[in-house]
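Numbers for residues simply follow the sequence, beginning at 1. Values in this document were obtained by computation on a predicted structure and should not be read as measured data.
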Amino acid sequence: MSLNLGFVGLGIMGKPMARNLMKAGHKVTVFDIAAEAVDVMASEGAIRAGSAAEAAAASEITITMLPDGPEVEQAIVGPRGVLEGARPGSLVIDMSSISPLAAQKVGAACAARGVDFLDAPVSGGEPGAIAGTLAIMVGGRPEVFERATSVLKAMGASVTLTGPVGAGNVTKLANQIMVACNIAAMGEALVLATKAGLDPEVVFNAVKGGLAGSNVLNAKAPMVIGRNFKPGFRIRLHQKDLRNALLAAESMKVGLPFTSLVQQMLMALMSKGKGDLDHSAIVTFIENMAQVEVKKP
């Protein structure tokens, strides 16, 4: 069934996600503060909006995909934001990765205007956004989730209701902890192997079919060995996610020692101007300590 959808935030992730909604037959009205991003989508058949409010006014469901909580609050609750245009009974789905507390705050503002809300962050990076194979973790009421499922499935291969509003982002933070720590461990392992004189590609191929194998290893080891740090997911965004995880953990008195350590690595890399590299570049922090580069001999 074709729906009128709004999409706010046309960055690395948002643009291909909006394209997949259009491919599914939906009528998509788009907005971004970067006018050139709107121009690109309009040239492909999307409807141009001059503000988030205008996009929401034309839509039954409005999706936001933005860098962090402050941007989400501005786009939804702020002046000319989604709630200025959204009609009572419409639905807002925030697919950004933000603090669970920020998601709950935005959800409460929506509820006060009679607008339903889901937090639905994603995993899979730019390749998953392009292919429409994202893992989507959703927080909200079951009946609202059911209403949104067909739309979400146009962007993801896995769509899971994880609990009430905020639960989607708690699940995403758990995901980001596992990914970051996995990349860091992979980096230590490949640095050790390379320093010992082994070919890291051979080591990767030897272990990927065993218990150490993972989607993270399969995706990121070839990038490291090939010295390809073109961003699929930027270091600065992963640092933001781990910061949100540590803040949430502090509020619940949960210690996250490994997360804290990787967060420090990410901060150090950002201070060296590497914040816009792919998060696989975590390995360069470990390489620097060992004075070796993970690459074929």
Cluster link [X] to [Y], ILVMFWY, side chain under 4.5 Å:
X      : Y      : answer
Leu242 : Val254 : yes
Leu237 : Val283 : no
Met289 : Phe258 : no
Leu118 : Leu134 : yes
Val151 : Met13  : yes

Check against side-chain contact (heavy atoms from CB on, under 4.5 Å), Ile12 and Lys15: CA-CA 6 Å; Ile12 287 178; Lys15 199 177 282 131; over 6 Å; no
Interatomic spacing from [atom1] in [X] to [atom2] in [Y] - rounded to 0.5 Å:
X      : Y      : atom1 : atom2 : answer
Gln239 : Gln176 : CD    : CD    : 12.0 Å
His238 : Ile235 : NE2   : CD1   : 10.0 Å
Leu3   : His26  : CG    : NE2   : 5.5 Å
Arg87  : Arg113 : CZ    : CZ    : 13.0 Å
Lys296 : Glu201 : NZ    : CD    : 4.0 Å
Ile98  : Asp119 : CD1   : CG    : 7.0 Å

Shortest non-hydrogen contact between [X] and [Y], atoms and distance:
X      : Y      : result
Ser97  : Lys240 : O-NZ, 2.5 Å
Gly78  : Glu84  : O-OE2, 4.1 Å
Ser2   : Gly25  : OG-O, 2.9 Å
Leu21  : Ala154 : CD2-CB, 4.0 Å
Asn20  : Ala131 : ND2-C, 4.3 Å
Pro297 : Asp199 : CD-CG, 3.6 Å

Less than 4.5 Å apart, any side-chain heavy atom of [X] and any of [Y]?
X      : Y      : value
Glu250 : Leu246 : no
Met155 : Met95  : yes
His279 : Lys220 : yes

Side-chain donor-acceptor contacts of residues 221-234 below 3.5 Å, not counting sequence neighbours, with atom names and distances?
unit_1	atom_1	unit_2	atom_2	d
Arg227	NH1	Val224	O	3.3
Arg227	NH1	Glu287	OE2	2.8
Arg227	NH1	Val294	O	2.9
Arg227	NH2	Glu287	OE1	3.0
Arg227	NH2	Glu287	OE2	3.4
Asn228	OD1	Lys230	N	3.1
Arg234	NH1	Asp276	O	3.3

Any residue meeting side-chain contact (heavy atoms from CB on, under 4.5 Å) with Val159, in chain and number order, not counting sequence neighbours: Ile136, Val138, Phe145, Leu152, Lys153
Those residues that, when tested against Pro100, pass side-chain contact (heavy atoms from CB on, under 4.5 Å) (two or more places apart): Asn169, Val170, Leu173
Ring pair (Phe, Tyr, Trp, His ring centres under 6.0 Å): pairs with one or both residues in residues 87-110, sequence neighbours excluded: none
Solution key, residues 177-198 side-chain donor-acceptor pairs under 3.5 Å, sequence neighbours excluded:
unit_1	atom_1	unit_2	atom_2	d
Asn182	ND2	Ser214	OG	3.3
Thr194	OG1	Leu190	O	2.7
Lys195	NZ	Ala290	O	2.8

Can you list everything that forms a salt bridge (Lys or Arg N to Asp or Glu O under 4.0 Å) with [X]? Sequence neighbours excluded, please.
X      : answer
Lys295 : Glu293
Asp116 : Arg141, Arg147
Arg80  : none

When you measure from the side chain of [X] to the backbone of [Y], do you find a donor-acceptor pair of N or O atoms at a distance under 3.5 Å?
X      : Y      : value
Thr171 : Ala167 : yes
Glu146 : Pro142 : no
Glu44  : Met41  : no

Quiz: residues 28-36 side-chain donor-acceptor pairs under 3.5 angstrom, not counting sequence neighbours:
unit_1	atom_1	unit_2	atom_2	d
Asp32	OD1	Ala34	N	2.7
Asp32	OD2	Leu10	N	2.6

Return all side-chain donor-acceptor pairs below 3.5 angstrom for residues 263-275, not counting sequence neighbours, or 'none' if the list is empty.
unit_1	atom_1	unit_2	atom_2	d
Ser271	OG	Ala268	O	2.6
Lys274	NZ	Thr284	OG1	3.3

Derivation and outcome, side-chain contact (heavy atoms from CB on, under 4.5 Å), residues Phe204 and Leu217: CA-CA 8 Å; Phe204 162 60; Leu217 182 68; 3.8 Å; yes
Can you give me every donor-acceptor pair (side chain of residues 102-110, partner residue at least two apart or in another chain, under 3.5 Å) with its distance?
unit_1	atom_1	unit_2	atom_2	d
Gln104	NE2	Val165	O	3.4
Lys105	NZ	Glu73	OE1	3.1

Within 6.0 Å of CG in Asp39, more than 12 heavy atoms from elsewhere: yes
Ser123 versus Asn175, side-chain donor and acceptor atoms under 3.5 Å: yes
Ignoring hydrogens and angles, write down the donor-acceptor pairs under 3.5 Å from the side chains of residues 56-65, residues two or more places apart or on other chains.
unit_1	atom_1	unit_2	atom_2	d
Ser59	OG	Leu5	O	3.4
Ser59	OG	Gly6	N	2.9
Ser59	OG	Ala55	O	2.6
Glu60	OE2	Asn4	N	3.0
Thr64	OG1	Asp94	OD1	2.7

Presence of salt bridge, Arg236 and Asp241, under 4.0 angstrom: no
Qualifying residue, where the test is side chain to side chain contact (heavy atoms under 4.5 Å, CB included) with Val72 and the options are Ser99, Pro67, Ser96: Ser96
